[in-house]
Amino acid sequence: MINITLPDQSIRQYEAGVTPLQVAGDISEGLARNVLAAKVNGKVVDAMRPITRDSELQLLTWSDTEGKATMWHSSAHLMAEAVEQLYPGVKFGIGPDIEQGFYYDIDFMDYEISSDDFPKIEKKMLELAREKQHYTRREVSKAEAVDYWKNKNDEYKLELINDLEDGEISFYESGTFTDLCRGPHLPNTGFIKAVKLTSLAGAYWRGDEKRKQLTRIYGITFPKKKELTEYLELLEEAKKRDHRKLGKELELFAFSQTVGAGLPLWLPKGAELRERLEQFLKKVQRKAGYKQVITPHIGNVNLYKTSGHYQKYGEDSFRPITTPQEGEEYFLKPMNCPHHCEIYKNSPHSYKDLPMRIAEFGTVYRYEQSGELHGLTRVRSFTQDDAHIFCTPDQVKDEFKGVMDIIMHIFKALDFKDFITQISLRDPEKPEKYIGDEENWQKAEQAIMEVAKEQNLNTIVEYGEAAFYGPKMDFMVRDALGRKWQLGTIQVDYNLPERFELEYIGSDNQKHRPVMIHRAPFGSMERFVAVLIEHCAGKFPLWLTPEQLIILPISEKYQKYAEKVLSFLENNDIRAQIDDRSEKTGRKIRDAELKRIPYMLIVGEKEEAEGTVSVRKQGEGDMGSLKLEAFAKNIQEEIDKMLEE
RNA sequence: GCCGAUGUAGCUCAGUUGGCCAGAGCAGCUGAUUUGUAAUCAGCUGGCCGGGGGUUCGAAUCCCUCCAUCGGCUCCA
């Protein structure tokens, strides 16, 4: 007999070899019907896998992340089975579950395939699902595994097997499909009740663009039809928040084929909003001891040879600009740091001057491959809220902390709560990818880790994600569709000071190398505004929004009073307009609601007589009437509260 | 750059198997209306059907090519 401990700490006794599914059946029949997989001593396994010793058991259902993952992983197999039956002879790469569903990379050989074929595959999948095919696990020897896939002529699976050890190889069979797979899987395909193939894409084998491109089919499945419908509705909702759609609707920015792909045009309202963000940050930075600088948009090729960027990226940049007579080469600046290094070099520095913090809203130009452009989040011309801090090695930690404070302040003012903090360190296996010496790298990496720990931030550490000149800490947020984008960044750099031979005189009257910290709390104005739009669904915080309120006179009889209200508000630094069209009030309200103007002030006979305004809040409706002065005061207080430190 | 999809008025979309001067709603303009918490009415303007090339008596519809956009892959100083 063995003891099975359930999550509520209750203990049940069974014969050795009992399966999680049997335990579930003992608890309730309904539970047994919903068990997708099980966690035994912390490891996710098949619900049919026998338990042989005393164990802690957690039954996994659709409401568990691992339950969903198991469902989707099994769905990948189901799709592969359907595809193999419809397209005999295709070869399979990998087919994992992902955050939302699953995919399978398939070499379709000579078959032509497009998303038009999805309905056919989906139908086949549902057909096979209804057969309630069992997922059967089988341990195989390496020789047997190699044999099987050689027979099938599948070089991809053979390559995967090659990296595995004999004795740790297992097959999963379901229906006519056999896959090299660690598992776990559903008890049978019957759990899959709704199927949607979502997209088709090329994906390089093992992520290597030099290797063959396989066809990746993405899909998602559900245990109930209704859940699929809900998922699709949710997707539709998310699309409504898309910054590309809202940017157009709210007249914030635009693109023109004639100007060029990835070159955003900021429209008046967008420019105003961006300007306000910039002023906000400038003010914070002024308090934190930053000085603003301005540098040109191009730089001599020698600048980038000195910085090292030329050798690393010269070929992948916009082509150089040359002067007509002398043939000198200039590059559009892809970053601001080299220019700022030259500013540092403009005068000698004492340790007493440090840290020196110089900031610039610097517009940079980077050649991004055409397929990578994406709304405002990935563009070829963008403005970084850049600054560089030159300091002594002892000051690194404090400066790093100071930058973190700024970033946290900004996130608070804009109500960003769900962000991910990522620390990017070297790939220890590829030291040739980085410039700079070992000792400096270690120092930098350590400083970042320590500050993150002291700030009590929840961080993830990624090896191999560091910039080539130094380790960094990035702040990422998700867009409406769940894609991750990097916003703020702090990067320690021991390399550029070396390359530019930056110096300061220490208290010992000797020359020393300063440390450089690159930082951009927003990251870029373009990407930040994009993510901000999606986070607030176009309803910007009151302090930031281009039009804070609109005055709606009931008829032109009240135009004069409306103008009086307007000038009063303008005198109180409130951004307002009058809708003086000869439209009905209902129409004016509707238009203002759609433009997401936070407040509507309706003025008519009663308001004029009493010196009040009838207040309507966007999305919330009628708030009753208020004395004009009282309303203005309320607005001011609301804004102050958002910006307090 | 690669794989797949898409591209019709400022915006959202119709345009049947290639066939009469390419349609609608919204926006815009003109006029009427003077309006009380999410769409007042009428008229008008507006399109080289993404660009170029081809097939055809005839192309928005078919083919080629380029460009842009969308979803991925790779990339992201």
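Letters go in sequence order (proteins before strands), and every chain restarts at 1.
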For a quick check, tell me whether the side chain of [X] and the base of [N] share a donor-acceptor pair closer than 3.5 Å.
X	N	answer
A/E593	B/A38	yes
A/R211	B/C73	no
A/R378	B/C76	yes
A/E372	B/U74	yes
A/Y204	B/G1	yes
A/Q213	B/C2	yes
A/T585	B/U37	no

For nucleotides [N] and [M], find the distance between their [atom1] atoms and express it as a whole number of Å.
N	M	atom1	value
B/G46	B/G10	C1'	10 Å
B/A60	B/G51	P	11 Å
B/C49	B/U8	C1'	4 Å
B/G71	B/A9	C1'	27 Å
B/G7	B/G50	P	8 Å
B/U40	B/U34	C1'	11 Å
B/G72	B/A42	C1'	50 Å
B/G28	B/U45	C1'	8 Å

Q) Between A/G93 and A/W205, which heavy-atom pair has the shortest distance, and what is it? A)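 Smallest heavy-atom distance, with atoms named: CA-CZ3, 3.6 Å.
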Taking the side chain of [X] as heavy atoms from C-beta outward, which of [options] is closest to it?
X	options	answer
A/I554	B/G4, B/U35, B/A38	B/U35
A/K248	B/C11, B/A5, B/G71	B/C11
A/R216	B/C3, B/G72, B/G36	B/G72

Q. What base-paired stems does RNA chain B take part in, with at least 3 consecutive Watson-Crick or G-U wobble pairs and both distances under 3.5 Å?
A.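 Stem list for RNA chain B: B:1-7 with B:67-73, B:10-13 with B:23-26, B:28-32 with B:40-44, B:50-54 with B:62-66.
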Distance, rounded to the nearest Å, where [X] contributes [atom1] and [N] contributes [atom2]:
X	N	atom1	atom2	answer
A/D208	B/U74	CG	P	10 Å
A/R590	B/G36	CZ	C1'	18 Å
A/E236	B/U12	CD	P	15 Å
A/L373	B/C76	CG	C1'	11 Å
A/W205	B/U74	CH2	P	13 Å
A/L552	B/A38	CG	P	11 Å
A/L263	B/C67	CG	C1'	14 Å

If the threshold is 4.0 Å, N to carboxylate O, is there a salt bridge linking [X] and [Y]?
X	Y	value
A/R519	A/E399	no
A/E329	A/K305	no
A/K240	A/E237	yes

Can a side chain N or O of [X] be found less than 4.0 Å away from OP1 or OP2 on [N]?
X	N	result
A/R587	B/A27	yes
A/K557	B/U35	yes
A/R366	B/C75	no
A/H374	B/G72	no
A/K584	B/C41	no
A/S370	B/G1	yes

Heavy atoms only, 4.0 Å cut-off, all strands: where does [X] land among base, sugar-phosphate and nothing?
X	result
A/E605	base
A/G604	base
A/S317	base
A/A201	base
A/E607	base
A/Y218	sugar-phosphate
A/E583	base
A/R483	sugar-phosphate
A/T215	nothing
A/R244	sugar-phosphate

Q. For the atom pair CD (A/Q422) and OG1 (A/T489), what is the distance rounded to the nearest 0.5 Å?
A.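 Taking CD in A/Q422 and OG1 in A/T489, the distance rounds to 10.0 Å.
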Q | Reported CZ-to-CD1 distance for the pair A/F568 and A/I574, which is rounded to 0.5 angstrom | A |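 It is 7.5 Å, given to the nearest 0.5 Å.
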Would you find a donor on one side and an acceptor on the other, under 3.5 Å apart, between the side chain of [X] and the backbone of [Y]?
X	Y	answer
A/W72	A/T221	yes
A/K345	A/F500	yes
A/H340	A/I389	no

Q: Output, in order, the C-alpha distance, side-chain angles, deciding distance and verdict of salt bridge (charged side-chain N to carboxylate O under 4.0 Å, His left out) for A/E534 and A/R483.
A: CA-CA 11 Å; A/E534 304 204 354; A/R483 291 175 289 221; 5.9 Å; no
**Q.** Within residues 609-625 of chain A: residues closer than 4.0 Å to RNA chain B (heavy atoms)
**A.**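 Within residues 609-625 of chain A, the residues near RNA chain B are A/S614, A/R616, A/D622.
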When the side chains of residues 602-617 of chain A are checked against the rest of the protein, which donor-acceptor pairs come out under 3.5 Å, sequence neighbours left out?
unit_1, atom_1, unit_2, atom_2, d
A/E607, OE1, A/G604, N, 2.9
A/R616, NE, A/E593, OE2, 2.9
A/R616, NH2, A/E593, OE2, 3.1

Q. Of A/R216, A/K212, A/K157, which meets salt bridge (charged side-chain N to carboxylate O under 4.0 Å, His left out) against A/D107?
A.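 Exactly one candidate clears the test, A/K212.
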Q) Around atom NZ of A/K312, are there more than 12 heavy atoms of other residues, nucleotides or ligands at under 6.0 Å? A)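 Yes, NZ of A/K312 has more than 12 neighbouring heavy atoms, counting only those of other groups under 6.0 Å.
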Q: Decide ring-ring contact (aromatic ring centres under 6.0 Å, His included) for A/Y365 and A/F318; before the verdict, give the C-alpha distance in whole Å, the side-chain angles of both, and the deciding distance to 0.1 Å.
A: CA-CA 8 Å; A/Y365 303 87; A/F318 278 119; 7.3 Å; no
